[in-house]
2 protein chains.
Amino acid sequence: MKLSEGVEWGLHCALLLAEAGRPLPRRVLAEHYGLPEAYLAKHLQALTRAGLLHATSGPSGGFRLARPASEITVLDVLDAIEGPASPFVCQEIRQQGSGAARPEECTRPCAIASVMVRAHQAWRESLRAVTLDQLVNQVPPALRRRNRVKFGTDDSP
Amino acid sequence: MKLSEGVEWGLHCALLLAEAGRPLPRRVLAEHYGLPEAYLAKHLQALTRAGLLHATSGPSGGFRLARPASEITVLDVLDAIEGPASPFVCQEIRQQGSGAARPEECTRPCAIASVMVRAHQAWRESLRAVTLDQLVNQVPPALRRRNRVKFGTDDSP
DNA sequence: GCGGCAATACTCGGATAACAACTGTCCGAGTAAGTAAGG
DNA sequence: CCTTACTTACTCGGACAGTTGTTATCCGAGTATTGCCGC
């Protein structure tokens with residue numbers, strides 16, 4: 001079980017977009033984090049398709065958050081990039097082979113699958129509890145200031 | 001992120017071994033669940049290397065639980081088959097690229113990595129809370145009886 | 001009848017291919033800005 | 001000076017290879033059983 005590295009990229013980029021408050025092109029995002037631009041594009045596409053980012057073409061275009069950072073959870077980003085499919089898929093092998101359970105013995109879901117589903121839900125709940133703005137607030141102040149100078153909207157007097 | 005299907009196989013086999021109480025060869029396990037024997041062998045090897053099963057060669061040999069079923073958790077089986085590595089590996093991209101954070105700004109672990117670690121721990125705790133004998137008790141009585149007749153130790157008078 | 005020995009069949013274990021998914025890359029379609037010409 | 005049309009450069013989006021990990025399989029090493037021979 002390995003999680004795509006694009007998850008880390010997507011989360012960091014989403015955080016930076018939350019800090020910036022204005023569209024940033026993928027070229028800027030890639031250079032900022034030292035990532036391959038072409039491959040990062042793939043993950044940003046996924047985030048856009050999921051409705052988390054909004055993409056605008058042309059000069060001064062780029063990606064921006066489609067919703068306020070307080071309304072985007074870490075789980076949203078993960079589902080967008082990894083897909084919402086459960087990592088464990090019960091293949092009902094209890095109903096196969098010479099020791100197959102009979103249909104009337106399978107009225108209840110497989111206990112093993114239930115355990116896996118509960119664990120997966122615990123994982124998802126833990127991720128759903130954290131929003132992007134909570135993460136932004138944990139960025140070191142000095143770094144946040146630098147990012148603001150570099151990208152921030154200069155609407156502050 | 002996809003979980004190896006060997007996880008389901010390993011768990012079902014471990015449950016059956018807990019029910020049987022005596023060594024079962026991989027051929028019997030494979031036929032009982034309709035699984036490819038050669039590939040199942042790979043996962044049983046992993047469980048053996050992890051110290052969960054004990055393998056004996058020769059006639060009337062096979063695999064048996066190395067510990068009482070009450071002392072084996074679902075998490076043990078998962079770590080044995082999937083490896084204990086965390087699905088999320090923080091590559092510290094915050095310290096790379098043109099916007100790299102300085103070392104003195106990284107005294108605290110990356111907030112994103114922390115969230116992922118907490119979620120992973122929640123997942124593991126949920127799996128650690130369930131033992132094999134708890135799962136055995138959830139097997140339908142009729143099926144359990146059939147398995148007992150088929151494999152069970154005939155030490156009952 | 002009993003003990004020892006060899007043959008046997010059964011078991012696991014590691015080494016070896018086929019497939020799929022993730023990783024990485026490229027070029028084309030579309031768009032907004034900038035520019036120059038005309039009114 | 002303002003409007004307008006065009007050129008330009010910049011953006012995203014989908015289509016195309018390379019590499020790692022999972023899936024599937026085979027054959028050899030080792031062992032307890034089983035049968036047989038000798039005592």
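To find a chain, count down the sequence lines: A is the first, B the second, and so on, and within it residues start at 1. Everything quoted here is computed from the prediction, not taken from an experiment. Reckoned from all heavy atoms, side chains included, excluding hydrogens, waters and symmetry mates.
- Direction of the helix axis in the helix from C:dG1-D:dC39 to C:dG39-D:dC1 shifts by 10° between the two five-pair termini, rounded to 10°.
- One interatomic measurement links the two molecules: CZ of A:Arg22 to P of D:dT11, which rounds to 11 Å at whole-angstrom precision.
- By the neighbour-count criterion of 12 heavy atoms within 6.0 Å, atom CZ of B:Arg67 is densely surrounded, having more than that number from other residues, nucleotides or ligands.
- For the pair B:Ser114 (side chain) and B:Cys110 (backbone), a donor-acceptor distance under 3.5 Å is present.
- Cluster annotation: A:Trp123 and B:Val117 are assigned to distinct hydrophobic clusters (Ile/Leu/Val/Met/Phe/Trp/Tyr, side-chain heavy-atom contacts under 4.5 Å, transitive).
- In this structure, the side chain of B:Glu31 does not engage the main chain of A:Gly97 through any donor-acceptor pair within 3.5 Å.
- Here the side chain of B:Tyr33 pairs a donor or acceptor atom with the backbone of B:His12 at under 3.5 angstrom.
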N/O to N/O distances under 3.5 Å, protein versus nucleotides 22-26 of chain D:
| residue | atom | partner | partner atom | Å |
| --- | --- | --- | --- | --- |
| D:dT23 | OP2 | B:Ser4 | OG | 2.8 |
| D:dT23 | OP2 | B:Tyr39 | OH | 3.0 |
| D:dT23 | O5' | B:Tyr39 | OH | 3.2 |
| D:dA24 | OP2 | B:Glu5 | OE2 | 2.8 |

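- Applying the 4.0 Å criterion to OP1 and OP2 of C:dC12, one finds that B:Arg64 has every side-chain N and O outside that range.
- To the nearest angstrom, P of C:dT23 lies 11 Å from CD1 of A:Ile81.
- Near DNA chain C, defined here as any heavy-atom distance below 4.0 Å, there are no residues from residues 83-90 of chain A.
- B:Glu71 is not listed as a side-chain neighbour of B:Thr131, based on a closest heavy-atom distance of 4.5 Å or more.
- Contact check, B:Gln45 against C:dG14: a side-chain N or O comes under 4.0 Å of OP1 or OP2.
- Regarding A:Leu35, its CG atom lies at a distance of 10 Å from the P atom of C:dG24, rounded to whole Å.
- Note: CZ (A:Arg27) to P (D:dT11) measures 8 Å, nearest angstrom.
- Residues from residues 52-60 of chain A placing a heavy atom under 4.0 Å of any atom in DNA chain D, listed by number, are A:Ala55, A:Thr56, A:Ser57, A:Gly58.
- Listed by chain and residue number, B:Glu125 satisfy the side-chain hydrogen bond (donor to acceptor under 3.5 Å, both in side chains) test with B:Arg128 (two or more places apart in sequence, or in another chain).
- Although no hydrogens or angles enter the test, the distance criterion places no donor-acceptor pair under 3.5 Å between the side chain of A:Glu37 and the main chain of A:Ala30.
- Panel note: side chain B:Arg148, backbone B:Ala20; no donor-acceptor pair is recorded below 3.5 Å.
- Of the possible donor and acceptor atoms, one in the side chain of A:Asp76 sits under 3.5 Å from a partner among the backbone N and O of A:Thr73.
- A salt bridge links B:Arg146 with A:Glu105: the distance from a Lys NZ or Arg NE/NH1/NH2 to an Asp or Glu carboxylate oxygen falls below 4.0 Å.
- Between A:Leu44 atom CG and D:dT11 atom P the separation is 13 Å, expressed in whole Å.
- Here the closest heavy-atom approach between residue A:Phe88 and residue A:Met116 is recorded as CD2-CB, 3.6 Å.
- For C:dG14, the OP1/OP2 oxygens have a side-chain nitrogen or oxygen of B:Arg49 closer than 4.0 Å.
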Show which side-chain atoms of residues 39-59 of chain A pair as donor or acceptor with protein atoms under 3.5 Å away, not counting sequence neighbours.
| residue | atom | partner | partner atom | Å |
| --- | --- | --- | --- | --- |
| A:Thr48 | OG1 | A:Leu44 | O | 2.8 |
| A:Thr56 | OG1 | A:Gly62 | N | 3.2 |
| A:Thr56 | OG1 | A:Gly62 | O | 3.4 |

